[in-house]
Amino acid sequence: MTSGLLPAETAERIVVACRTAVGDSTRSITYFTRDDFEQLYLRDDLERDADLSTFIGHEWRGFQTARAAYEGSEVGDYEYTIRVFENGFLVRVTTEREGVFVTTDGLTMKDFEELATALDAVLAEREVS
């Protein structure tokens with residue numbers, strides 16, 4: 001499902017990290033930058049009808065806004081976002097130049113933490129490269 005925005009090896013590492021953390025609860029995985037995106041995974045029982053370009057614009061702006069709004073506060077640095085919807089959840093992990101959002105079925109807080117930690121590790125490795 002990759003289109004070349006990411007090296008195939010990195011795309012696979014992101015998918016494996018997410019699927020390892022939350023298993024079959026993973027609905028979709030999308031990698032994004034400020035200007036582009038690539039859906040890395042979509043569970044077989046779901047339709048390919050989401051307007052991902054709108055999602056990406058919102059998630060990028062949302063990251064920038066949240067980070068700036070809470071910068072220097074006593075709650076600490078921004079780590080990740082969880083959005084709750086009628087049919088599932090969206091978890092967004094973002095760095096200065098890229099991010100991943102994962103949609104899932106119901107999860108526990110421990111699952112969200114494991115998912116965010118796994119994604120953060122993959123993105124951090126890219127920051128060093």
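Throughout, numbering of the chain's residues begins at 1 and tracks the sequence.
Taking CZ from Arg92 and OG1 from Thr30, the interatomic distance works out to 13.5 Å, rounded to the nearest 0.5 Å.
Under a 4.0 Å N-O distance rule, the pair Glu114/Lys110 qualifies as a salt bridge.
With sequence neighbours left out, Thr10 forms a side-chain contact (heavy atoms from CB on, under 4.5 Å) with Leu6, Pro7, Ile14, Arg126. Under the salt bridge (charged side-chain N to carboxylate O under 4.0 Å, His left out) criterion, Asp105 pairs with Arg27, Arg43, sequence neighbours left out. By the side-chain contact (heavy atoms from CB on, under 4.5 Å) test, Ala116 is found to be paired with Tyr80, Val93, residues two or more places apart in sequence or in another chain being considered.
Taking 4.5 Å as the limit, some side-chain heavy atom of Arg19 sits within range of a side-chain heavy atom of Asp24.
Taking the six-membered ring where tryptophan is involved, the planes of Phe101 and Phe32 are tilted, since the angle between them lies from 30° to 60°.
For Leu123 against Gly99, the heavy-atom pair with the smallest separation is CD1-CA, 4.3 Å. Closest approach of Ala11 to Leu40, counting heavy atoms only: CB-CD2, 3.8 Å.
A donor-acceptor pair under 3.5 Å links the side-chain atoms of Asp111 to the main chain of Thr108, judged by distance alone. Proximity of a side-chain donor or acceptor of Thr103 to a complementary backbone N or O of Ser28 within less than 3.5 Å is detected.
For Asp44, the CG atom is loosely surrounded, since the number of other residues' heavy atoms within 6.0 Å does not exceed 12.
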